[in-house]
Amino acid sequence: MERLEGVVRCKTAEGKSQTFVLALLPFAMVGALSKVDPELIPGLWASTSGQIVLAAALGCWLASVALARRIVQVDI
């Protein structure tokens, strides 16, 4: 039973670190894209279709982080 609890703790810790990376990855991508093409991100904000894409991406990102947090919360 102790071994099983240790495995669950280990997998839960892995899931938490993956959730952390998932939460920070979009900000790193926006930073990298801003360095590569400085006009890309302001161009997305300026157009209506860009704003729709950003809103959809934000919604998907929030849903994925919330779902990952829910999956990782395990009670033994």
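Throughout, residue positions are numbered sequentially from 1 according to the sequence presented.
Cluster membership for Val53 and Trp45, using ILVMFWY side-chain heavy atoms within less than 4.5 angstrom, is not shared. Hydrophobic clustering (side-chain heavy atoms under 4.5 Å, transitive across Ile, Leu, Val, Met, Phe, Trp, Tyr) keeps Leu33 apart from Val30. Using a 4.5 Å cut-off between side-chain heavy atoms of Ile, Leu, Val, Met, Phe, Trp and Tyr, with links allowed through other members, Phe27 and Leu58 fall into the same hydrophobic cluster.
Taking each heavy atom of Thr19 and Ala68 in turn, the nearest pair found is OG1-CB, 3.5 Å. When all heavy atoms of Pro38 and Pro42 are compared, the closest pair comes out as O-CD, 3.4 Å. Contact detail for Trp61 and Leu22: the closest heavy-atom pair is NE1-O, 3.3 Å.
Between Ser64 atom OG and Ile71 atom CD1 the span is 10.0 Å, to the nearest 0.5 Å. One finds the CG atom of Leu25 at 12.5 Å from the CD atom of Gln18 (value rounded to the nearest 0.5 Å). Note that CG of Leu54 is 4.5 Å distant from CG of Leu44, once rounded to the nearest 0.5 Å. Rounding to the nearest 0.5 Å gives a distance of 14.0 Å between CD of Glu5 and SG of Cys10. Taken from OG1 in Thr12 to CD in Glu14, the straight-line distance is 9.0 Å, to the nearest 0.5 Å. To the nearest 0.5 Å, atoms CZ (Arg9) and CG (Leu4) are separated by 10.0 Å.
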